[in-house]
Each structure stands twice: as structure tokens, then as C-alpha cells.
Chemist: 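First the structure, which I've put down as C-alpha cells, then a few questions once you've had a look.
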Number of protein chains: 2
Amino acid sequence: MTTGARVRRPSHGPGSLLEVAVGEFITRGYDATSMEDLSRAAGITKSSFYHHFAGKEALLRAALERALDGLFSILDSEAARTGSPLHRLRHIVAGQVEVLVAELPYVTLLLRVRGNTETERWALERRREFDARVAALVRDAVEAGEIRTGVEPALAARLLSGLVNSVVEWARPGGSTTNLPAAVANAAFEGILPAP
Amino acid sequence: MTTGARVRRPSHGPGSLLEVAVGEFITRGYDATSMEDLSRAAGITKSSFYHHFAGKEALLRAALERALDGLFSILDSEAARTGSPLHRLRHIVAGQVEVLVAELPYVTLLLRVRGNTETERWALERRREFDARVAALVRDAVEAGEIRTGVEPALAARLLSGLVNSVVEWARPGGSTTNLPAAVANAAFEGILPAP
DNA sequence: GTCTATAAATCGATAGAC
DNA sequence: GTCTATCGATTTATAGAC
């Protein structure tokens with residue numbers, strides 16, 4: 001048995017390496033993660049890693065693109081473009097939670113970006129665009145009288161974004177989304193801790 | 001006029017340097033910020049900076065201590081220890097927003113810590129303790145029948161924490177807290193976007 | 001309390017053999 | 001597609017003069 005135990009070097013493709021890299025970026029932080037760390041985690045040398053990706057920032061960009069594509073696909077869906085503003089908002093919030101859990105590591109990385117490099121600034125800009133689209137919908141819902149009076153649209157949009165995005169802090173990778181999107185939407189629209 | 005223009009070297013104390021350092025940590029990220037960056041921002045050399053602080057991690061620890069002391073002081077206040085669970089929760093949420101704005105850079109830094117170093121793990125542990133105290137109060141409120149049925153205490157506590165902490169993403173340093181704490185509490189307990 | 005100079009380690013990235 | 005070896009820049013931190 002022992003004679004047949006070969007140290008099989010895993011055949012890596014770009015997708016596999018990206019998955020490993022994003023995992024390291026999340027646990028150690030992007031800046032604190034060296035190419036040496038990534039290579040060790042993938043089981044290859046630094047040089048081999050450079051054969052697949054141009055560098056550290058190329059890895060980051062690929063990961064952020066995946067997260068942003070997932071988020072913007074929500075806005076393009078049928079349910080996000082039909083019905084009342086409030087109905088569309090509810091669907092977007094639930095969809096955001098779905099994408100967030102399905103693409104957990106990539107979205108987590110996106111939400112931690114601070115604009116240090118050109119790639120990070122590009123991602124921040126696209127994120128702001130997404131938030132602006134949702135904020136516009138919040139204003140529409142308020143103006144349509146679908147929201148109780150006294151709610152400030154700009155503040156509500158920011159808190160809504162904060163509540164939804166905070167799910168990445170405790171969601172499990174690949175976790176079940178059976179009723180989480182609906183539960184988060186309920187908390188957002190009817191109160192996290194409503195009186196009886 | 002030009003002859004009298006002296007380049008006055010600002011007399012730095014530890015407090016002043018900490019303020020500068022935390023500002024740099026927030027804009028660039030802790031790991032991406034070098035001691036050279038800190039020295040340049042403070043207007044002194046790297047060596048002079050080491051005269052005041054043992055190193056980069058000592059700066060981080062001092063900043064995180066300040067943030068955590070602010071948060072725990074909320075739990076010790078009179079209003080957080082008297083009245084019904086729901087009443088106490090409301091006060092804690094509002095107080096959290098107050099501390100968050102008053103100590104914005106320090107709390108911002110705390111919320112970005114990921115557990116890379118021993119100092120960061122210590123801060124994470126104290127943060128978890130604070131969250132656990134709040135979560136226990138949420139359970140008490142649910143069991144006391146002060147919360148509408150169907151609300152899952154653990155999920156509610158997490159979303160509540162996420163909503164409150166997200167304020168650091170857009171709050172202005174030293175900004176006015178005239179009605180922000182109350183507005184955030186309203187959003188949390190009565191819905192961010194409640195139906196009319 | 002500030003400075004110049006530098007040590008020792010690590011960083012991202014490349015050259016070139018197999 | 002993987003490796004060893006290394007470059008040049010940058011990192012945290014210290015030594016020692018003023």
C-alpha cells in the first residue's frame with residue numbers, strides 16, 4: 001500500500017487557483033497575503049503561480065469581477081424590473097442575499113476593498129453604481145407612498161445596504177439559502193426587532 | 001515675510017501620533033501602511049516614531065483599546081441596566097451609534113480587524129463578548145414577549161449588529177449626532193422601509 | 001526628541017533549466 | 001506546467017550622533 005502512495009501533484013487550472021487565492025485573501029487580508037502564501041496554499045511554487053496569473057492584482061480583479069457580475073445580474077432579472085418599487089426592492093434584497101451566499105468568498109472580498117490600487121478603485125466605483133441603483137428605487141418607493149412617512153430615503157438606503165451586506169460576516173460558505181433571503185427581507189422591511 | 005516663515009516642527013505627543021496613524025490605517029489599510037507612511041504623515045522620521053511607540057502593532061493595540069473601551073462603557077451606563085429588555089436594547093443601539101460617531105476612526109479600525117496578529121485576535125474576542133451581551137438581551141426581549149412572534153433571536157441579533165456597525169461606512173468624522181442615534185434605532189426596531 | 005545610516009528579512013516579479 | 005535561483009525594491013526595526 002505504501003509503495004503505491006504517490007505524492008500526486010494536483011493539476012491546477014486558473015479557476016482552482018483563484019479559489020485558493022480568494023480564501024487566503026479573506027483569512028489574512030489582501031495586503032497581508034504574499035505570493036509566497038498563495039503558492040504554499042496551492043501546493044506549487046511562486047513561479048508556477050505566475051505562469052497562471054500575471055500577479056497578485058490580476059487575481060484580485062478576477063475575484064472582484066465575479067462578485068460584481070453576480071450583484072448586477074440581480075438588477076437585470078425580470079422580478080427586479082416589474083411591479084411596484086417596494087415589490088422590486090423586496091426582490092432585490094432577497095436576490096442580494098442569495099448571490100451573497102452563493103458567491104460568498106468573492107462578495108466578501110468585494111466588501112472589504114478600500115481603493116488602494118487601480119483595480120480596487122474600479123471595483124469601488126461599480127459597487128457605488130449598484131448602491132445608487134438601489135437607492136434610486138428606495139426614493140421611488142417613498143415618493144409612491146409605499147413607505148411609512150418619516151423615513152428619510154438616503155438614510156434608509158444606506159442602512160438597507162449595511163444590513164444586507166453584513167450577512168457576509170457570519171454566513172457559511174455554500175450554506176443553505178432555504179429561507180434566509182426572505183428572513184433578511186422581513187427584518188429589513190418590517191423591523192429587525194418589531195414590537196408585538 | 002518669507003524670512004520669518006519658519007518650518008515649525010510640530011511637537012508630537014503619543015496621542016497626536018496615534019491619531020495620525022489611525023487615519024493612515026483607515027485610508028490605506030493596516031497591513032498596507034508602512035512605518036515610513038506613518039512617519040511621513042506625522043512629519044517626522046521613522047526613527048522618531050519608534051521613540052514614541054514600540055512598533056506598528058503597539059499603535060494598533062492602543063487604537064483598538066480606545067474603541068473597545070467606548071463600546072463597553074455603553075453596557076455599564078445606567079439606562080442600559082434598567083427597564084425592560086426592549087427599552088435597554090433601544091438605549092444600547094442609540095448609544096452604540098453615539099460612540100461610533102464620537103470615536104469614528106477607532107471603531108472603524110476595530111470593525112476591520114480580521115485576527116492576523118495576537119493583538120487582532122484579542123480585539124476580536126472582546127468584540128465577540130460585546131456582541132454576545134447584546135445577543136443575550138435580544139433573547140430576553142423575545143422571551144419577555146416584547147418582540148413580534150416569528151423573529152428568530154440569533155438572526156435578529158446578527159442583523160442588528162450589522163445594521164448598527166454599517167454606520168461607520170458613511171458617517172462623517174466628528175459629525176453631528178443630533179438625531180442619528182434615534183433614527184438608526186427607529187429603523188432597527190420599526191423597519192428600515194416599513195409599509196404605511 | 002529628532003536625525004542619518006543601515007541591518008536583516010521579506011516583498012512582488014523574472015530568468016531560464018527541465 | 002513546474003522547478004531553482006535570484007534581482008531590486010521595500011519592510012520592520014535598531015544603532016548611535018546631535
Side-chain angles (χ1 to χ4, degrees), chain A residues 6-64 109 113-123, chain B residues 6-64 109 113-121:
Chain A
R6 261 175 292 171
V7 179
R8 169 73 83 112
R9 181 100 36 223
S11 182
H12 278 305
S16 159
L17 291 178
L18 181 61
E19 199 180 326
V20 170
V22 170
E24 293 293 300
F25 287 159
I26 287 170
T27 52
R28 313 158 85 114
Y30 174 72
D31 289 296
T33 306
S34 69
M35 290 296 287
E36 183 70 39
D37 292 329
L38 298 183
S39 310
R40 197 181 309 115
I44 59 177
T45 61
K46 233 182 347 173
S47 265
S48 296
F49 216 115
Y50 276 103
H51 179 76
H52 296 281
F53 284 91
K56 206 173 151 184
E57 199 166 355
L59 282 158
L60 180 63
R61 177 162 195 115
L64 297 179
L109 201 57
V113 152
R114 297 299 158 188
N116 245 337
T117 66
E118 190 54 47
T119 298
E120 295 189 15
R121 281 186 288 273
W122 162 83
Chain B
R6 261 176 290 173
V7 179
R8 168 74 83 112
R9 181 99 40 222
S11 182
H12 279 305
S16 160
L17 290 179
L18 181 62
E19 198 180 327
V20 169
V22 171
E24 293 293 298
F25 287 159
I26 287 171
T27 52
R28 302 164 178 258
Y30 174 72
D31 289 295
T33 305
S34 70
M35 289 297 286
E36 183 69 41
D37 294 328
L38 298 183
S39 310
R40 197 182 309 115
I44 57 177
T45 61
K46 234 181 350 170
S47 266
S48 296
F49 218 115
Y50 275 103
H51 179 74
H52 297 281
F53 284 91
K56 206 173 150 183
E57 198 167 355
L59 282 158
L60 180 64
R61 179 163 195 116
L64 296 179
L109 201 57
V113 152
R114 298 299 159 191
N116 244 337
T117 65
E118 190 52 48
T119 297
E120 296 188 14
R121 283 186 286 274

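Every chain is numbered from 1 and lettered A, B, ... according to where its sequence line falls, protein lines coming before strand lines.
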Chemist: Write down the protein N/O and nucleotide N/O pairs, taken from nucleotides 14-18 of chain D, whose separation is under 3.5 Å; answer none if there are no such pairs.
Modeler:
unit_1  : atom_1 : unit_2   : atom_2 : d
dT14(D) : O4     : Ser47(B) : OG     : 2.8
dA15(D) : N6     : Ser47(B) : OG     : 2.7

Chemist: Please round to the nearest 0.5 Å and tell me the distance separating atom CZ of Phe25(B) and atom CG of Leu60(B).
Modeler: 6.5 Å

Chemist: Side-chain contact test, heavy atoms from C-beta onward, threshold under 4.5 Å: evaluate it for Thr33(B) versus Leu38(B) and give yes or no.
Modeler: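 Heavy-atom side-chain distance check passes, below 4.5 Å.
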
Chemist: Return the set of residues passing side-chain contact (heavy atoms from CB on, under 4.5 Å) with Thr117(B) (not counting sequence neighbours), or none when no residue passes.
Modeler: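 Thr117(B): side-chain contact (heavy atoms from CB on, under 4.5 Å) contacts with Glu57(B), Thr119(B), Glu120(B).
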
Chemist: Whole angstrom is fine here: how far is it from CG in Leu38(A) over to P in dT10(C)?
Modeler: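 In whole Å, dT10(C) P and Leu38(A) CG are 17 Å from each other.
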
Chemist: Would you say Thr45(A) reaches dT2(D)'s phosphate, i.e. side-chain N/O to OP1/OP2 under 4.0 Å?
Modeler: no

Chemist: Hey, what do you get for CD1 (Ile44(A)) to CG (Leu17(A)), rounding to the nearest 0.5 Å?
Modeler: 5.0 Å

Chemist: Could you list the residues that satisfy side-chain contact (heavy atoms from CB on, under 4.5 Å) with Arg114(A), not counting sequence neighbours?
Modeler: Arg112(B), Glu169(B)

Chemist: I'd like to check the side-chain contact (heavy atoms from CB on, under 4.5 Å) partners of Asp31(A); sequence neighbours left out, ordered by chain and number.
Modeler: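 In terms of side-chain contact (heavy atoms from CB on, under 4.5 Å), with neighbours along the sequence ignored, Asp31(A) is linked to Asn116(A), Asp31(B), Ala32(B).
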
Chemist: Given atom CG of Leu60(B) and atom P of dT12(D), what is their separation to the nearest angstrom?
Modeler: 13 Å

Chemist: Over how many whole Å does the gap from Arg40(B) atom CZ to dC3(C) atom P extend?
Modeler: 14 Å

Chemist: Figure out the CG/C1' separation between Leu59(B) and dT12(D), and round it to whole Å.
Modeler: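 Leu59(B) atom CG is separated from dT12(D) atom C1' by 13 Å.
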
Chemist: For the pair made of NZ in Lys56(A) and P in dT10(C), what is the distance, rounded to whole Å?
Modeler: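 The answer, rounded to whole Å, is 15 Å.
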
Chemist: How many Å lie between CZ on Phe53(B) and P on dA13(D), as a whole number?
Modeler: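 Taking CZ of Phe53(B) and P of dA13(D), I get 14 Å after rounding.
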
Chemist: Can you list, by residue number, the residues of residues 26-37 of chain B that have a non-hydrogen atom closer than 4.0 angstrom to DNA chain D?
Modeler: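 Output list: Thr33(B), Ser34(B), Met35(B).
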
Chemist: When the side chains of residues 45-54 of chain B are checked against the rest of the protein, which donor-acceptor pairs come out under 3.5 Å, sequence neighbours left out?
Modeler:
unit_1   : atom_1 : unit_2   : atom_2 : d
Thr45(B) : OG1    : Ser48(B) : N      : 3.4
Thr45(B) : OG1    : Ser48(B) : OG     : 3.2

Chemist: Which heavy atom of Leu109(B) sits nearest a heavy atom of Leu64(B), and at what distance?
Modeler: C-CD2, 4.1 Å

Chemist: Which residues pass the salt bridge (charged side-chain N to carboxylate O under 4.0 Å, His left out) test with Arg28(B), sequence neighbours left out?
Modeler: Glu24(B), Asp37(B)

Chemist: In whole angstrom, give the distance that lies between atom NE2 of His51(A) and atom P of dA15(C).
Modeler: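 The answer, rounded to whole Å, is 15 Å.
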
Chemist: Of the candidate nucleotides dC3(D), dT2(C), dG1(D), which contains the atom at the shortest distance from the side chain of Ser48(B)?
Modeler: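 Among dC3(D), dT2(C), dG1(D), the one nearest the side chain of Ser48(B) is dT2(C).
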
